[in-house]
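Each remark here refers to the structure printed beneath this line.
Excluded from the calculations below are hydrogen atoms, water molecules and symmetry mates; all remaining heavy atoms, backbone and side chain alike, are included.
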Amino acid sequence: MIFHHESTLDSNLNRWISKELKNLPTAIFPRNVPPEKFELEDTTLPCPFEKVAFEPDFWNQSDHVRKNNCYNFETNRRTDSFAQPGRAAGQMYSGISCDEVTRGAIADGSHKSDSCFQETEIPRFLMALVVAPGPDFIDYHWYRQCIDGNWEHKPGQTLARSTDNSNRVITDPSIADRGPYTQFCGYMLAPKRMKIQII
């Protein structure tokens with residue numbers, strides 16, 4: 001498993017967005033800080049969490065893009081196992097619903113965002129879960145907040161990206177254009193100890 005947390009994204013667009021989104025706290029990761037060090041977030045959520053840069057080149061490599069999905073991306077673990085919530089814990093979801101997919105993710109080691117992890121679990125990533133309830137299309141999807149304050153995602157076997165279905169930067173997944181994913185399930189935290197791959 002490759003656990004990716006280096007911060008190299010540095011563009012004028014992201015600096016402008018970070019400046020404009022004053023209400024979204026943003027950690028700054030100096031380039032000379034070792035990868036294992038993270039800055040805590042000062043957030044309005046009850047629990048602290050960390051952010052890393054959006055690294056599409058890491059996720060969109062031809063050898064890996066089809067083997068990793070939104071759950072891999074949101075937990076920041078490129079396992080090449082097309083991870084599923086609860087599968088690594090032997091408690092995979094039994095249906096596609098907010099409750100079932102949340103249950104699977106909790107079995108893997110995540111918490112809802114109001115249940116905090118200690119600092120020994122740094123990095124703790126903030127994820128958002130949504131569901132497409134059908135009837136024509138039934139699926140779940142995850143987003144992760146990155147260092148620029150925006151939310152990025154990787155739909156299934158497709159490329160990781162920073163925009164919603166209307167090609168807009170995602171500043172808030174609860175109001176973004178998510179297409180058929182009309183149910184917003186809530187926020188969760190993915191800690192360091194979270195396991196998404198059967199070993």
Side-chain angles (χ1 to χ4, degrees), residues 23-25 41 43-52 54 59 67-79 81-117 121 123-146 149-166 168-198:
N23 293 333
L24 291 175
E41 289 302 311
T43 76
T44 56
L45 291 175
C47 296
F49 61 94
E50 291 71 45
K51 300 176 188 174
V52 292
F54 175 46
W59 292 97
K67 298 175 184 176
N68 295 278
N69 59 9
C70 63
Y71 194 50
N72 291 101
F73 181 82
E74 302 342 302
T75 59
N76 206 34
R77 289 156 172 83
R78 192 179 74 184
T79 63
S81 64
F82 212 75
Q84 299 295 317
R87 184 172 66 192
Q91 300 177 47
M92 192 164 136
Y93 56 87
S94 60
I96 304 291
S97 68
C98 290
D99 288 344
E100 273 297 299
V101 178
T102 297
R103 182 189 60 74
I106 289 172
D108 287 340
S110 70
H111 283 185
K112 291 185 178 180
S113 62
D114 61 354
S115 178
C116 304
F117 287 101
E121 288 301 326
R124 304 154 293 189
F125 300 118
L126 183 63
M127 314 181 296
L129 173 63
V130 298
V131 163
D136 297 328
F137 180 73
I138 301 172
D139 193 20
Y140 68 84
H141 190 55
W142 297 89
Y143 298 84
R144 172 166 44 92
Q145 191 174 37
C146 291
N150 297 319
W151 294 77
E152 279 78 25
H153 60 132
K154 185 183 182 303
Q157 296 180 327
T158 67
L159 300 177
R161 60 188 183 145
S162 59
T163 54
D164 66 10
N165 284 26
S166 294
R168 294 179 301 215
V169 170
I170 304 167
T171 59
D172 182 345
S174 71
I175 59 172
D177 179 359
R178 304 187 308 266
Y181 297 90
T182 56
Q183 291 183 353
F184 185 80
C185 304
Y187 298 100
M188 299 188 74
L189 295 169
K192 178 176 70 176
R193 72 171 180 226
M194 190 168 179
K195 304 293 184 200
I196 66 167
Q197 181 179 24
I198 299 171

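A heavy-atom distance below 4.5 Å is not found between the side chains of Val131 and Ser97. Residues Lys192 and Pro123 have side chains in contact (heavy-atom distance under 4.5 Å, counting atoms from C-beta outward). Using a 4.5 Å heavy-atom threshold, the side chains of Tyr187 and Pro173 count as touching. At a threshold of 4.5 Å between non-hydrogen side-chain atoms, the residues His153 and Cys70 do not count as touching. Using a 4.5 Å heavy-atom cutoff, the side chains of Leu189 and Leu126 are in contact. No side-chain heavy atom of Thr102 sits under 4.5 Å from any side-chain heavy atom of Asp99. Within the 4.5 Å cutoff, side-chain heavy atoms of Ser81 are placed close to those of Arg87. Using a 4.5 Å heavy-atom threshold, the side chains of Trp142 and Thr75 count as separate.
Lys154 contributes a side-chain N or O that, together with a main-chain N or O of Asn68, makes up a donor-acceptor pair within less than 3.5 Å. A donor-acceptor pair under 3.5 Å is absent between the side-chain atoms of Asn69 and the main chain of Gln157, judged by distance alone. A donor-acceptor pair is defined here as one N or O able to donate and one able to accept, closer than 3.5 Å; no such pair exists between the side chain of Arg103 and the backbone of Cys98. With hydrogens and angles disregarded, no donor-acceptor distance shorter than 3.5 Å links the side chain of Arg77 to the backbone of Gln197.
Atom CD1 of residue Ile96 and atom CD of residue Gln183 lie 11.0 Å apart, to the nearest 0.5 angstrom. Separating the NE2 atom in His111 from the OG atom in Ser113 is a distance of 11.5 Å, to the nearest 0.5 Å.
Taking the six-membered ring where the residue is Trp, Phe73 and Phe54 present perpendicular rings, their angle passing 60° and hence far from 30°.
Note on Glu50 versus Arg124: salt bridge recorded, some NZ/NE/NH1/NH2 to OD/OE distance being below 4.0 Å.
Nearest heavy atoms, Asn165 versus Arg178: ND2-C, 3.7 Å. Heavy-atom minimum distance, Ser110 versus Ala105: OG-O, 2.9 Å.
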ask   = Which is it for Tyr93 and Gln84 under the side chain to side chain donor-acceptor pair (under 3.5 Å) test, yes or no, and what are the steps along the way?
value = CA-CA 8 Å; Tyr93 56 87; Gln84 299 295 317; 2.6 Å; yes

query = side-chain contact (heavy atoms from CB on, under 4.5 Å) between Lys67 and Asn72: does it pass, once the steps are laid out?
reply = CA-CA 9 Å; Lys67 298 175 184 176; Asn72 291 101; over 6 Å; no

ask   = Does the side-chain contact (heavy atoms from CB on, under 4.5 Å) test come out yes or no for Leu159 and Arg161, once each step is laid out?
value = CA-CA 6 Å; Leu159 300 177; Arg161 60 188 183 145; 5.7 Å; no

task = Start with the C-alpha distance between Ser174 and Asp172, add both sets of side-chain angles, then the distance that settles side chain to side chain donor-acceptor pair (under 3.5 Å), and finish with yes or no.
result = CA-CA 5 Å; Ser174 71; Asp172 182 345; 2.7 Å; yes

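Applying side-chain contact (heavy atoms from CB on, under 4.5 Å) to Gln145 and the options Met127, Lys51, Glu152 leaves one that passes, Lys51.
Under the 6.0 Å distance and 45° angle rule, Arg144 counts as a cation-pi partner of Phe125.
The distance between the ring centers of Tyr181 and Tyr140 does not fall below 6.0 angstrom.
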